[in-house]
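Both counts, for ligands and for their atoms, begin at 1 and track the order of listing.
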Amino acid sequence: MSISFRQQNNIGFIEFDHPQAKVNILSAEVLQQFDAIVEEIKRKSEIKAVFILSKKKDIFIAGADIKEIEGINEKEEGVLKAQAGQNIFNQLEDLNILTIAVIDGVALGGGCELALACRYRIATFNEKVRIGLPEVNLGIIPGFGGTYRMPRLLGLEKGLRMIATGKVISGPEALKAGLVDRLYPAQGLEEHLLNFLEEVSPKPVTRRKPKKFKQKFLEDNPIGRLVLFKEFRRSVLESTKGFYPAPLKAVEVVEASVGKSREFALELERKGFSELVTTKVSKNLVKVFYLSEKYKKLTWPGTENLTAKPLNRAAVLGAGVMGGGIAQLLSFQGMSVRLKDINYEAIGKGLKAARKIFDQAVHKRKTSASFSRIRMAQISPALDYSGFPEADVVIEAVVENMDIKKKVFAELGKVTSPQALLCTNTSALSVTQMAQATQNPSRVIGLHFFNPVHRMPLIEIVKTDLTSLETLAAALQLVKRLGKTPIVVKDGCGFLVNRVLLGYINEAGRLLEEGAGLTQIDKLVTDFGLPMGPFLLTDEVGIDVGIKVLHILADGLGERFKPVETFEKIYKAGFLGKKSGKGFYVHGKSRSLNPKVMSMVTVHHRRAWNSQEAIDRMILLMVNEAALCLQEKIVEDPGAVDIGMIMGMGFPPFRGGLLRYADSLGIEMVIDRLRAFEKNFGPRFQPCPFLLKMQERQEKFFS
Ligand code: 3H9
């Protein structure tokens with residue numbers, strides 16, 4: 001049984017504890033058990049109050065069973081699924097006794113909806129408390145009454161925001177919003193609960209905070225509501241670009257149920273849920289959820305039983321944009337950091353970059369000013385290797401030049417403790433060669449952070465043939481501690497993400513040289529669902545960085561990566577992208593096309609082009625390169641490619657990932673298109689043997 005019921009005098013306790021599972025979920029079976037308990041409580045007239053708790057550490061309930069949701073293929077099934085939960089939660093809401101959800105951990109989706117159906121919600125000070133309705137991240141809307149109850153509890157604006165953005169909030173935030181009624185320490189909780197009961201038994205406490213003038217104006221009259229929902233639609237469309245139907249459906253359902261009965265509102269909800277749950281977008285987002293869960297806690301064969309030494313002291317070499325960002329991240333996560341560069345001017349820039357990130361976090365209320373000050377003070381500057389002998393981990397982020405990197409690693413090998421983990425942040429160079437410059441190459445590993453470090457969720461861990469399993473285990477532990485998602489890649493030129501990405505950017509350059517418009521190409525790509533087009537992305541990363549990596553890739557992997565002439569010209573003219581104010585675009589208060597760049601485009605072979613062909617060229621080239629990476633075992637499985645490209649370049653999750661998208665086209669179509677492109681545009685499109693074998697066996701990347 002996943003739920004138990006016990007009675008103490010006239011108080012009932014419903015306790016969730018899904019056997020052999022890390023989290024409690026509301027599967028159909030669990031809901032039936034819950035229903036039976038609610039029926040039992042109804043029969044026991046002596047019960048005056050019921051607490052609903054979880055016996056699991058840090059978890060209340062993680063929602064409906066996502067596997068069951070994934071298995072829904074017919075709308076009617078979706079309606080029935082939602083209705084079953086809605087009916088049970090209605091019974092809970094209608095109990096004529098005090099019902100109190102006690103949240104000492106994660107209460108998400110259906111778990112939050114169960115709590116909403118209770119008369120009161122109490123959370124603990126446990127920092128693992130997270131409450132919300134993240135269903136839109138799975139391409140659906142809440143289906144167990146969340147769209148009805150959340151706006152009624154928090155007010156239309158706040159309630160709808162929680163639903164349409166999937167925002168998950170902490171205990172103190174929930175208290176402030178009025179989503180929970182009290183926060184108590186987890187220790188001695190039972191006593192607090194009984195005291196609370198005494199407090200509310202004679203006289204119910206009001207949970208709804210009085211509305212402020214603006215909220216009253218917007219929510220309590222039809223014109224205000226018109227404005228509110230119009231603005232919501234606008235902001236949802238702006239952030240989703242129309243690719244994700246769930247947030248818009250949330251707005252539609254909540255708007256249509258304003259002032260309506262529970263029955264009417266719940267019918268709208270289950271209709272909306274059932275329309276979404278069968279869509280391809282939802283199916284893809286569920287797959288992405290599983291992938292990110294898997295990679296968040298990635299282990300590597302042989303490392304499972306290795307307990308890595310705790311890493312508390314770090315040193316970062318090179319205080320550029322990456323070094324500064326890495327130092328900030330390490331100190332943010334509680335490590336002391338020594339930051340070294342060749343002069344104080346360079347270190348000053350790194351420290352400034354780190355401070356800016358802390359300031360932004362304070363501004364966005366993600367941290368307090370005092371926390372930021374303390375953590376910032378943990379970064380200490382150095383011009384020499386002082387502090388390095390004490391470091392548990394060193395991360396090198398100097399310029400992308402193999403001779404310099406080798407020299408640095410030879411020095412690091414001498415000045416650091418023999419147990420220290422030595423990492424390079426190179427984005428494309430051979431980690432093996434750097435490792436060989438030290439006396440003990442087994443402790444050298446690549447940690448490829450992405451720019452901006454504090455925002456990008458992915459880190460490529462580059463394992464060489466010389467890297468020990470202990471080093472890999474320590475690197476995995478570090479990446480997880482930093483709150484990032486790892487993929488483990490083999491030490492091959494450009495690893496995975498840059499190799500796949502840069503080929504696509506170069507292809508965009510070739511389209512430019514065939515007469516396609518620069519902004520048109522960028523728009524084509526954003527219309528496909530990427531957050532930005534190839535030229536804007538290159539401006540963000542730096543044209544100099546792009547050219548450098550392309551040269552490394554061309555040297556290591558061949559002609560197909562040779563930067564197009566136009567890129568070289570633009571770079572030589574000093575247009576470096578956003579950091580120099582001008583690149584393909586002029587970056588100011590607003591962004592416009594850089595007119596000088598257009599005059600530098602060398603049109604080699606002007607030809608008529610069409611959108612479908614252009615997007616296929618860019619995307620299928622990436623598919624072919626990714627398949628080649630699988631063939632060369634740069635990564636072990638297609639999941640690593642998809643999570644890498646989603647988190648490393650923003651490949652649209654609603655398409656499921658690069659290779660899942662290729663699967664949706666089918667191997668025949670992928671190969672037909674590549675062959676046609678090979679004929680027209682050259683050997684870079686030649687389908688790789690991995691793809692041909694898939695065709696022969698009629699396989700998919702994901703079976
Ligand atoms: C919903 O509720 C819809 C309703 O409104 C209406 C329906 C009609 N289902 O390492 P961990 C698995 S939609 C199935 O301890 P953590 C997870 O995959 C749901 N499985 O995690 C993993 O499996 P494995 C809305 C689930 O501490 C294991 O449990 N809810 C579910 O890092 C946990 O492993 C959400 O979107 C689930 N609902 O993180 C919440 N939840 O061990 C989704 C978890 O095989 N869940 N599992 O890899 C999460 O965000 C995180 O898992 C959570 C724990 C924060 C809960």
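Counting heavy atoms only, Ile69 comes closest to atom 13 (S) of ligand 1 of the residues Ile72, Ile69, Leu108. Within the set Glu269, Lys22, Glu113, Lys67, the minimum heavy-atom distance to atom 4 (C) of ligand 1 is found for Glu113. Nearest to atom 31 (C) of ligand 1 by heavy atom, out of Leu80, Asn137, Ile25, Val106, is Ile25.
Protein heavy atom closest to atom 6 (C) of ligand 1, with residue, atom name and distance, is Gly143 N, 3.4 Å. If you check which protein heavy atom lies closest to atom 17 (C) of ligand 1, you get Glu293 OE1, 3.4 Å. Ranking the protein heavy atoms by distance from atom 9 (N) of ligand 1 puts Ile66 N, 2.9 Å first.
Taking CG of Leu133 as the start and CZ of Arg161 as the end, the distance is 14.5 Å to the nearest 0.5 Å. Interatomic distance, Lys241 NZ to Leu530 CG, rounded to the nearest 0.5 Å: 10.5 Å. Residue Leu153 holds its CG atom at 6.5 Å from CG of Leu116, rounded to the nearest 0.5 Å.
Contact annotation: for Val23 versus ligand 1, heavy atoms closer than 4.0 Å belong to the side chain alone. Only side-chain heavy atoms of Lys297 come within less than 4.0 Å of ligand 1; its backbone N, CA, C and O stay farther off.
Under the 4.0 angstrom criterion, atom 27 (O) of ligand 1 counts as lacking any protein heavy-atom contact. Distance remark: protein heavy atom present below 4.0 angstrom from atom 15 (O) of ligand 1. At least one protein heavy atom sits closer than 4.0 Å to atom 1 (C) of ligand 1.
Note on Glu70 versus Lys67: no salt bridge recorded, every NZ/NE/NH1/NH2 to OD/OE distance being 4.0 Å or above. Here Arg365 does not pair with Glu173 in a salt bridge; the nearest charged N to carboxylate O distance is not below 4.0 Å. In this structure, Glu267 does not pair ionically with Lys271, as no charged nitrogen and carboxylate oxygen lie closer than 4.0 Å.
On a distance-only criterion, Pro134 and ligand 1 share no N/O pair closer than 3.5 Å. Of the polar atoms of Glu135, at least one N or O is found under 3.5 Å from an N or O of ligand 1, judged by distance alone. Taking any N or O of Ala62, backbone or side chain, at least one lies under 3.5 Å from an N or O belonging to ligand 1. In terms of N/O distances under 3.5 Å, ligand 1 is approached by Ala64.
Set against the non-hydrogen atoms of Gly110, the atoms of ligand 1 under 4.0 Å away are 1 (C), 2 (O). The distance from ligand 1 to the heavy atoms of Pro142 drops below 4.0 Å at these ligand atoms: 5 (O). Residue contact check: Gly63 has heavy atoms under 4.0 Å from atoms 2 (O) of ligand 1. Within ligand 1, counting atoms from 1 as listed, the ones closer than 4.0 Å to a heavy atom of Phe273 are 7 (C), 8 (C). Residue Gly109 approaches ligand 1 through these ligand atoms, each under 4.0 Å from one of its heavy atoms: 2 (O), 25 (C). Contact atoms of ligand 1 toward Asp65: 9 (N), 14 (C) (distance under 4.0 Å to a heavy atom of the residue).
Nearest heavy-atom pair across Gly259 and Arg152 is N-NH2, 4.2 Å.
Taking the six-membered ring where the residue is Trp, Phe528 and Phe651 present perpendicular rings, their angle passing 60° and hence far from 30°. Ring geometry for Phe371 versus Phe332: interplanar angle over 60°, hence perpendicular rather than tilted (30 to 60°).
For an aromatic pair to be called close, the ring centres must be under 6.0 Å apart, and Phe34 with Phe5 fails this.
Contact analysis puts Phe289 in contact with ligand 1, with a non-hydrogen atom separation below 4.0 angstrom.
Under 3.5 Å, the side chains of Asp104 and Thr124 contain a donor-acceptor pair of N or O atoms. Side-chain contact, Ser282 with Thr279: no donor N or O sits under 3.5 Å from an acceptor N or O.
The number of heavy atoms from other shown groups lying within 6.0 Å of CZ (Arg455) does not exceed 12.
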